[in-house]
Amino acid sequence: MARSLPRSFYDRPTLTVARELLGAILCRRLEGITLRARIVETEAYVGETDLACHARAGRTPRTDPLYGPPGMAYVYLTYGMHHLLNAVTEPKGNPAAVLIRAAEPLEGIAHMEKARGLSTPHLIGSGPARLAQAFGLDLAWNRTDLCGKDLWIEPGDPVPSRSIDTSPRIGCQNCPEPWASIPWRFYVADSRHVTPGRSRPKLLVTKPREFGNNRASRVRGTSHR
DNA sequence: GGATCGATCGGCT
DNA sequence: GCCGATCGATCCG
């Protein structure tokens, strides 16, 4: 049952791994139960030249896992309170990884709901920090072998390319171009379990402005902090 | 439904 | 010191 993806799966170009991780099943063994969730959103971070990738700073104690063998977990803390899970990719020495951004709970859902403190299905794993919280992942999981027995990823039903959408990576707006705009985020287009607010490329929702009341002067609130 | 803002801390400049 | 690979509460429309 626990047929985890082999290390060779991760030992490939990061963009390929990011696409093919869609539909795969993230799993964690707990006492008595197994958590399973279908990955529906990923982002690729590729090397020191990618100025959105942590490896832009070179090899440091923090980024060291990115330089290690493929198939290892890279977990770090962001904003002082959120943990994010990555899968290290490409041959050893090539600092790159796939950020696992969102997943649809399949098994062990009650445990995930408890860990998240809520039970709204599409809010359990729809974001990298939410997913990490649902799975109980923190810094102790950094460098965990994803080809091991505690935390692993199983093959799932492949997502056809027509069902995959792309976008710029979230939270990289301040990076220099082309890194801010390069479409290295991949997600299952019709999934309700992706990061909210960015799943749909905004259809023709914008109504024609009827009253010429185009007040551009947006009062910039009295910024008292 | 969209925009804004505060929380909170490790790592790098 | 400064700034995040974020989330959730809150306010507004």
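Convention: sequence-line order gives letters A, B, ...; per-chain numbering from 1. What's counted below: heavy atoms across the whole structure, side chains too, no hydrogens, waters or symmetry copies.
Residues passing the side chain to side chain contact (heavy atoms under 4.5 Å, CB included) test with A/D150, sequence neighbours excluded: A/W141. Taking the side chain to side chain contact (heavy atoms under 4.5 Å, CB included) definition, one finds that A/P183 meets it with A/T166, sequence neighbours left out. Every residue two or more places apart in sequence or in another chain that forms a side chain to side chain contact (heavy atoms under 4.5 Å, CB included) with A/P160 is listed here: A/R162, A/S163.
Stacking of A/R12 on the aromatic ring of A/F9 is recorded, both the 6.0 Å distance cut-off and the 45° axial limit being met.
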How is the base pairing of DNA chain B summarised as a dot-bracket string, given the Watson-Crick and G-U wobble criteria with both distances under 3.5 Å, [ ] for crossing and | for another strand?
|||||||.||||.
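Atom CD in A/E48 sits about 13 Å away from atom P in B/dC12, given to the nearest Å.
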Below 3.5 Å, can you tabulate the donor-acceptor pairs from side chains in residues 126-138 of chain A to any protein atom, sequence neighbours excluded?
residue: A/S126; atom: OG; partner: A/H122; partner atom: O; Å: 2.7
residue: A/S126; atom: OG; partner: A/R130; partner atom: NH1; Å: 2.9
residue: A/R130; atom: NH1; partner: A/S126; partner atom: O; Å: 3.2
residue: A/Q133; atom: OE1; partner: A/R116; partner atom: NH1; Å: 2.5
residue: A/D138; atom: OD1; partner: A/A140; partner atom: N; Å: 3.0

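A gap of 22 Å separates the C1' atoms of B/dG10 and C/dG8, to the nearest Å.
Clustering of Ile, Leu, Val, Met, Phe, Trp and Tyr side chains at separations under 4.5 Å places A/L106 together with A/I25.
The list of side-chain hydrogen bond (donor to acceptor under 3.5 Å, both in side chains) pairs with a residue in residues 69-78 of chain A, not counting sequence neighbours, reads A/H54-A/Y74. For the ring pair (Phe, Tyr, Trp, His ring centres under 6.0 Å) condition, no pair includes a residue of residues 23-46 of chain A, sequence neighbours left out.
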Under a 4.0 Å heavy-atom criterion, the protein footprint on nucleotides 4-10 of chain C, written with B, S and -, is BBBSS--
